[in-house]
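These notes are about the structure you will find just below.
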Amino acid sequence: MVESGDVSAERWLVVGLGNPGPKYAGNRHNVGFMVVDALAAQAGERWKAHKAHAEVVETRVEGVPVVLAKPRSFMNLSGGPVANLCAFYKVPVERVVVVHDELDIPFGALKLKRGGGSGGHNGLRSVTASLDGPGYVRVRVGIGRPPGRMDAAAFVLKDFSSVERGDLDVDVARAADAVETVLVSGLEKAQLIYHTAA
């Protein structure tokens with residue numbers, strides 16, 4: 001039960017990062033889309049086109065109003081749609097959650113934090129620039145490092161391996177649960193439950 005005056009008082013914006021179109025749907029870079037797709041499915045809602053150049057779902061999580069979003073721009077230009085959605089729904093940066101792939105975390109691991117640098121992630125760089133700062137919450141879904149000498153840019157645009165796909169649904173569901181915990185109980189509680197130890 002959420003107490004009055006808790007973080008449920010105002011609307012949140014939860015953005016999954018990825019590239020639009022079926023060509024990219026199974027890519028490691030699109031795990032953010034996979035997580036918000038799972039949240040939309042749990043809510044029994046369908047995606048709708050929004051003039052902010054994004055697909056959105058307006059719903060509630062245990063009474064907390066939330067907009068789920070997938071930018072329709074490519075990853076490197078994610079910031080524009082995110083800023084437009086913040087303006088349209090009047091959501092301040094501290095109530096924005098961005099779900100994204102993370103090379104520096106092992107596959108299947110999860111880390112949550114507020115703020116920080118982009119770490120070479122062009123989607124995060126774009127969002128931070130468009131929101132005039134990094135004060136949003138990040139749900140970082142580990143995809144691991146590329147094997148051998150494979151270029152990181154090529155690795156993130158490859159689909160998950162058959163072995164990884166065996167665990168992917170569980171990992172995506174866990175990330176979705178972590179997002180819900182942030183919305184209902186706050187970031188610190190979500191970190192205690194879902195943050196994978198280094």
Side-chain angles (χ1 to χ4, degrees), residues 12 14-47 54-57 59 61-62 66 68-76 78 97-113 116 118-124 127 136-185 187 189-198:
W12 287 73
V14 177
V15 182
L17 296 187
N19 285 311
K23 173 182 176 182
Y24 301 99
N27 288 180
R28 292 177 174 87
H29 224 15
N30 273 40
V31 74
F33 276 12
M34 296 174 195
V35 174
V36 291
D37 278 337
L39 288 164
Q42 287 170 22
E45 302 283 357
R46 297 177 67 119
W47 293 99
E55 293 180 55
V56 302
V57 162
T59 187
V61 174
E62 293 189 33
V66 58
L68 307 175
K70 297 189 291 185
R72 293 170 71 186
S73 62
F74 282 93
M75 174 72 83
N76 296 2
S78 299
V97 179
V98 175
V99 188
H100 64 91
D101 59 299
E102 180 63 73
L103 281 166
D104 293 327
I105 299 174
F107 173 78
L110 197 62
K111 290 190 181 292
L112 299 87
K113 70 174 185 176
S118 65
H121 194 294
N122 289 328
L124 289 178
V127 171
Y136 51 91
V137 173
R138 302 170 190 195
V139 176
R140 307 157 69 204
V141 183
I143 61 169
R145 299 295 305 181
R149 297 184 179 182
M150 182 186 290
D151 180 59
F155 178 70
V156 298
L157 293 177
K158 287 192 172 295
D159 285 2
F160 287 98
S161 70
S162 57
V163 172
E164 289 169 332
R165 283 197 298 272
D167 296 318
L168 186 59
D169 286 350
V170 172
D171 294 337
V172 165
R174 186 165 174 268
D177 289 345
V179 171
E180 291 189 344
T181 303
V182 170
L183 304 180
V184 175
S185 302
L187 176 60
K189 179 72 174 290
Q191 286 172 323
L192 284 172
I193 299 171
Y194 295 102
H195 201 88
T196 306

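Applying the salt bridge (Lys or Arg N to Asp or Glu O under 4.0 Å) test to Glu102 and every residue at least two apart in sequence or in another chain returns Arg140. In this structure, the side-chain contact (heavy atoms from CB on, under 4.5 Å) partners of Ala43, at least two apart in sequence or on a different chain, are Glu45, Thr59. Evaluation of the side-chain hydrogen bond (donor to acceptor under 3.5 Å, both in side chains) rule for Asp101 yields His29, His121 as partners, not counting sequence neighbours. Residues that satisfy the salt bridge (Lys or Arg N to Asp or Glu O under 4.0 Å) test with Arg145, not counting sequence neighbours, are Asp104. Qualifying salt bridge (Lys or Arg N to Asp or Glu O under 4.0 Å) partners for Arg138, counting only residues two or more places apart in sequence or in other chains: none. Residues passing the side-chain contact (heavy atoms from CB on, under 4.5 Å) test with Phe74 are Asn19, Pro20, Tyr24, sequence neighbours excluded. Scored by the side-chain contact (heavy atoms from CB on, under 4.5 Å) test, Pro22 finds no partners at all (sequence neighbours excluded). The ring pair (Phe, Tyr, Trp, His ring centres under 6.0 Å) check on Phe155 picks up nothing, with sequence neighbours excluded.
Using a 4.5 Å heavy-atom cutoff, the side chains of Val61 and Trp12 are not in contact. Within the 4.5 Å cutoff, the side chain of Leu103 has heavy atoms near those of the Pro146 side chain. You'll find the side chain of Val15 stays beyond 4.5 Å of the side chain of Val36, heavy atoms only. Side-chain contact check for Met34 versus Leu168: some heavy-atom pair is nearer than 4.5 Å.
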Which atom pairs, one a donor and one an acceptor, fall under 3.5 Å between side chains of residues 169-177 and the rest of the protein, sequence neighbours left out?
unit_1, atom_1, unit_2, atom_2, d
Arg174, NH2, Tyr194, O, 2.8

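For Ala178 against Ala190, the heavy-atom pair with the smallest separation is O-CB, 3.9 Å. Closest approach of Asn30 to Ala25, counting heavy atoms only: CB-O, 3.9 Å. The two residues Ser78 and Val127 come nearest to each other via the heavy atoms CB-CG2, 4.1 Å. Trp47 and Leu68 get closest at one heavy-atom pair: CZ3-O, 3.5 Å. Taking every heavy atom of both residues into account, Leu17 and Gly123 meet most closely at CD1-C, 4.0 Å.
Rounding to the nearest 0.5 Å gives a distance of 9.5 Å between CG of Leu187 and CG of Leu192. Atom OG of Ser185 sits about 7.0 Å away from atom CD of Glu62, to the nearest 0.5 Å. Within the model, atoms CG of Leu39 and CG of Leu183 stand 8.0 Å from one another, a figure rounded to the nearest 0.5 Å. His100 NE2 to Asn122 CG: the interatomic distance, rounded to the nearest 0.5 Å, is 12.5 Å.
Counted within 6.0 Å of NZ on Lys113, heavy atoms from surrounding residues, nucleotides or ligands total more than 12; the atom is thus considered enclosed.
The salt bridge (charged side-chain N to carboxylate O under 4.0 Å, His left out) analysis of residues 28-44, with sequence neighbours excluded, yields the pairs Arg28-Glu164, Asp37-Lys70.
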>> The test is side-chain contact (heavy atoms from CB on, under 4.5 Å); show your working for Val98 and Val139 and say whether it passes.
In response: CA-CA 6 Å; Val98 175; Val139 176; over 6 Å; no
